[in-house]
Amino acid sequence: MSDVADISMPHAEAAPRREGLARGWFRFRQSRLSMVGAALTFVVLFFAVFGMMLAPYPEHVAGGIETGLRFLPPSWAHPFGTNELGQDVLSLTMAGTTVSVLAGFGVVLIGTLIGTVMGGIAGFAGGWLDEILMRFTDLTLTIPSLILAMAIAAALGPGFENMVLAISLSWWPGYARLVRGEVIGAREEVYVTAARAIGASPTRVLFRHILPNCVSPIIVKMSLDMGFAILTVAGLGFIGIGVRPPTPEWGTMLSNARSYMPDIWWTAMAPGTAMFLTVVGFNLLGDGLRDILDPKGRR
Amino acid sequence: MGEALLQIDDLHLTMSSFDGLAHVLNGVSLTVRRGEIWGVVGESGCGKSLTGLSISRLVQSPPARYPAGAIRFEGRNLMSLSQREMQALRGTRIGMIFQDPTTNLNPTLKIGTQLIDVALAAAHHDSSILSGAKGREARRAARALAVRMLEQVGITDAAARLDSYPHEFSGGMRQRVLIAMALIGRPDLLIADEPTTALDVSVQAQILALLRGIVADHDMGVILITHNLGVVAQTCSHVAVMYAGNVVETGPVAQVIDRPAHPYTRALMAAIPTRETRRGELQGLAGTVPDLIRPPPGCRFAPRCNRATEICRGQFPAMTPTAAGHSVACYHPVIEREVASA
Amino acid sequence: MLLFLVRRILLLIPVIIGLTIIMFAIARLLPGDPVGLAAGPNATQVEREALAQEFGLDRPVWGQYATYVTGLMQGDLGRSLLTRRPVAADIASYLPATLELVFAAMAIAIVVGVPLGLLTAIWRNRWPDYLSQVVAIGAISMPRFFLGLLLQLVFAMWLLWLPLGGRLPIVVMPPPFVTGFITVDALIAGDFSTFVTALKHLAMPAIALSLSPLATIMRMMRSSSIEVMAQDYVMTARALGLPRRKILTRAIARNAFSATLTVIGLYFGWLLGGTVLVETVFDWPGLGLYATKAIVSQDMMPVIGVALVIGLIFVMANLLIDLAYGLINPKVRYA
Amino acid sequence: MPEPVLEIRNVSKTYTGRRGLFGKSDPVDALRDVSLTVARGESFGLVGESGSGKTTLTRSILRLEQPSSGQILFHGNDMAALSPRSLRRLRARIQIVFQDPYASLNPRMTIEDIVTEPMLIHRDIVGLDRAARRDRAAELLSLVGLGSQLLRRHPHEFSGGQRQRIGIARALASGPELLLLDEPTSALDVSVQAQVLNLLIELQDRLQLTYFFISHDLAVVRYLCTRVALIHHGRIIEEGETNRIFDAPQTEYARTLISAAPEVRVPA
């Protein structure tokens, strides 16, 4: 079947394949879904930065209450109606983007950092250190992550930072396992043996030869995880552990809306849909990135 | 000489890719008769494997397309058959063996199951394979046939080995199982794509001897695809040399290897070190294989050929006979006397 | 095989110890005032101290841990500050509800997801495939609690087809306890109307919970089927004239499913812990709801107990998956 | 006989059975009492089929693995007895070219990075600053028949044959005297193989290199090597002058191996 492999590069000796950014971008653009994901992500990031400023009722975002305007159904003035405090749901939802996106970024970044350090050391060192670190990782994985995050968040007390920290502490094992697997895979690569044969120091081997070749799957996992991190943040808010009012947050908004169902159903629609679209955006983007950066990990 | 078993006529194949349309096969012609073992040789990317897969119509299309050409099997044009009709030919009339014996067997199924599946599928189209047995009877007959086939390819204790999984066999043994699988439906044409490339030399010799014996016993036609001229010399009766999607020289092995007429064939042979080659005197072939998306006009070998002239860069040379059964696609073939003095 | 099982079961011991240490560390080393919350805002200093003493919270952490582990060996998971009941008894009454929900969701996910994944792999790059890919991404991205709310709104509040929440209406007597799964127990008792009622209660939470694993299993099955279709042995099977259906069942379904199995195992554990939100939305009296109430009041013994039980079930589930994997894949052997 | 560069004395390597979760695997004897001597300036060929222990021996010479028993001497010094510092210095003098030209170059590095890395690691020996290293890399590239304008490129832009030349340039960068050639041409097409073999011969003549050439291809070994050893199941079966082994093999294994190898008679 040797020539089948050659189909992709029928001119193996002549003009070796150009696998550059241009080609990746071309493939990314080919996939309409990836483009939708990129567009959605862009919109979400836009609202994360400017949502508070663009909100039609900034005073509501700041915590202002207008009891006279309680539970107004959707109208031109309030496209998604008003809530039990008379606040404009659209404004709160727009402003809520910031907390969700920041928390999502925070969780994924901290999780990646801890996970990469743990997995990198475990995979590179091997032996008993690997054994200890991975046992600990597996142990953390057996604890249901949402309950772990809830317990930590509850113990640390309310607040944005505590919530992000709590979720991150239940988030890193996935990265540790991914990075360890990648490092072990890369460690067996011939070019790593070549570097060792030259006499490269272990640090050089790790930072120059192994880690740079593990970056793609990590980036892909980060973009896929963003959506789930945002969902977890909202989940904590929904249960009532998380950011305290008046800071607008989608999960808390949904939780409040639930108390007035089914008659006042519209207060749930904007935050729920925003959450859904945000996660869809990050997932589509992640899928697209995976297809171009890490075709092996396609599952 | 009997009727042609397989006749490939001017087969063209293109592949679309990111970089453009690659002209992978550029008018391949080949005729195989019963009892002949054709070696198809060439370097990677020359289109030899795609030629083999095209005969079984196993090239995925798209991206592949066949703009022109015919493949006639006992007179029927395979290019016009439906997938269903084609499937009826596979295994029963045309058998195939691939390069890597470790990946070509299903790791989760017993050897016996895999052999029996193929036998039953073949019996579906040609009931004589299991002497017309039906239902449970057919399964039993297929099992017995599987044992006989394994014995024929030299696996001892065949009945017991039917219940083994592929990973319990060595590479050479697995290739024997695959040969048994390819032959269990009694095909008339066997296409073997680099069947020994993944094996050690000593095992390679055994497998090639096995193939030769089987062809003699069954009066089949064989296409042996390889990059190794030594394997061709050892095994084949005829050879077709391919370069960049073209057959450039065909003929009986003795003829072609003793008196290679195409400059590429000669270069290929000169690149292999032999007993007589002195240190530092091996002749490499300068230049690179052409880009099949933008192939050079005329003869595709011309840019690397030291005999090329203006005419070579104009139009592709047609196959011209030089001796009995020996043809070459070259405007300036090397004639016998020159070879002798080279 | 037996040796393998024994070794794997022995490995549970360090898992239990590790789990309790981690949970204990969170419960006792992080700031928080569980006693204050349990005693109420009006409690005096003396009352608080009495409560702390009753629950051993005045002692050093390692001493509390030692007591806990000693109790654990006798099946005692401690007492809840809030309900003042033994945690083990609480968990025993809530666990079946959660398991029933998870099993139902998993069953939906596997029964629908696996064949759908295989079909979309066969239809690759045609419109049914594209459509189901888009739907799958949507299903994975849908917040379970929002979906739950939407389902409630449509089916329970507008259409009035299904009940809003809970396992059974208060007026219906639950069937005699056998498995703890009300649907199963009702069937055992031969009480068909209770079975239907229970099933109606189960439907929405199970669907809300199943959507994301369903989509994941489908995507996994699809991609591993596609991967297997590109294997050399599938090419050989085609080249030797095996009918398409046979190739699918023999080569693809079998090899692709073994990859999907691992995902199913992981998801099972994930679902056990992930029921929290769905249980909250549907007032499903399960472990998640129990844990949530405990967490909000920083009542840590139930939380440790729940984490321990779920962790152990997760490990056991993965052990079963490994065994199943070995049955499908002859190369994995047990010494 | 000229002074020996590399002496392998009674080296054995046993991989102990690994006790994993899924049970225990049997111990494997990868090398059994292997003794070989490679003299300065010669091309020594080691021939074996897959699983014969070729790779383990190479890795042991490079000290990527420790032999279970026996000694490997480089210029008379036992490599196991060297301090980490001296071992690192020694690595500059023994270099390797790998079989797979696609896997042996780090895809994230430029050709310049790849070729200058050995000089950077051994800058205390090589003694070149950044600019000088780049000049030397360009020099090495032209030495192996590639243009120095390719320094900024990445490995994926090159064909198999070109990559193998880059691999050779990297191996030469630290100024080694002994090159381990681990099947350097078996992943290449014959016409490219011929180019690389000729390059190796040219380099040996110019730089007075010693070659330890590992291959399963008898024809290639006979072309390149002056002395040959046959290895089978971790044991040296036969050793001697190339012509002697090919013309009058002493052992049954050598005879089967030589007779099994297909050969093309070049038209005389």
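Because the structure is predicted, anything quoted here is derived from the model rather than measured.
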**Q** So which of B:Ile191, B:Thr102, B:Asp117 has the biggest tally of heavy-atom pairs under 4.5 Å with chain C?
**A** B:Asp117

**Q** Assess whether atom NE2 of B:His124 is packed by more than 12 heavy atoms of other residues, nucleotides or ligands within 6.0 Å.
**A** no

**Q** To check you understand the geometry: which heavy-atom pair defines the closest contact between C:Arg238 and B:Arg90, and what is its length?
**A**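 Heavy-atom minimum between the residues: O-CD, 3.0 Å.
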
**Q** As an exercise: rank C:Leu240, C:Val228, C:Leu242 by heavy-atom pairs under 4.5 Å with chain B and give me the winner.
**A** C:Leu240

**Q** Looking at every non-hydrogen atom in both residues, tell me the closest pair between C:Pro243 and B:Ala121 and how far apart they are.
**A** CD-CB, 3.8 Å

**Q** After noting the C-alpha distance and the side-chain angles of B:Leu53 and C:Met235, does the key distance pass the side-chain contact (heavy atoms from CB on, under 4.5 Å) rule?
**A** CA-CA 10 Å; B:Leu53 288 172; C:Met235 179 64 108; 4.0 Å; yes

**Q** With rounding to the nearest 0.5 angstrom, report the CG to CG distance, B:Asn106 to C:Asp232.
**A**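 The CG atom of B:Asn106 sits 11.5 Å away from the CG atom of C:Asp232.
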
**Q** With only heavy atoms counted, which part of B:Leu105 is less than 4.5 Å from chain C, the side chain, the backbone, both or neither?
**A**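 Backbone only.
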
**Q** Heavy-atom cut-off 4.5 Å, strictly under: side chain, backbone, both or neither for B:Ala122 against chain C?
**A** neither

**Q** Please give me the minimum heavy-atom distance between C:Arg250 and B:Thr113, naming the atom from each residue.
**A**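 Minimum heavy-atom contact is NH1-CG2, 3.6 Å.
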
**Q** Start with the C-alpha distance between B:Phe98 and C:Thr236, add both sets of side-chain angles, then the distance that settles side-chain contact (heavy atoms from CB on, under 4.5 Å), and finish with yes or no.
**A** CA-CA 7 Å; B:Phe98 296 104; C:Thr236 297; 3.3 Å; yes

**Q** Checking heavy atoms, do the side chain of B:Met181, its backbone, both or neither come under 4.5 Å from chain C?
**A** both

**Q** Heavy atoms only, distances under 4.5 angstrom: which of B:Met96, B:Gln114, B:Gln87 has the most pairs with chain C? Name it, please.
**A** B:Gln87

**Q** Does any heavy atom of chain C fall under 4.5 Å from the side chain of B:Leu89, the backbone, both, or neither of them?
**A** neither

**Q** Can you tell me if CZ on B:Arg34 sees more than 12 non-hydrogen neighbours from other groups inside 6.0 Å?
**A** yes

**Q** With a sphere of 6.0 Å drawn around CD of B:Gln60, does it hold more than 12 non-hydrogen atoms of other residues, nucleotides or ligands?
**A**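 Counting neighbours around CD of B:Gln60, 12 or fewer heavy atoms of other residues, nucleotides or ligands fall under 6.0 Å, so no.
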
**Q** Are more than 12 heavy atoms from other residues, nucleotides or ligands located less than 6.0 Å from atom CE of B:Met79?
**A**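 Yes, the 6.0 Å shell around CE holds more than 12 heavy atoms from other groups.
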
**Q** Is any side-chain heavy atom of B:Pro166 less than 4.5 Å from a side-chain heavy atom of C:Tyr233?
**A**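 No - every pair of side-chain heavy atoms lies 4.5 Å or more apart.
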
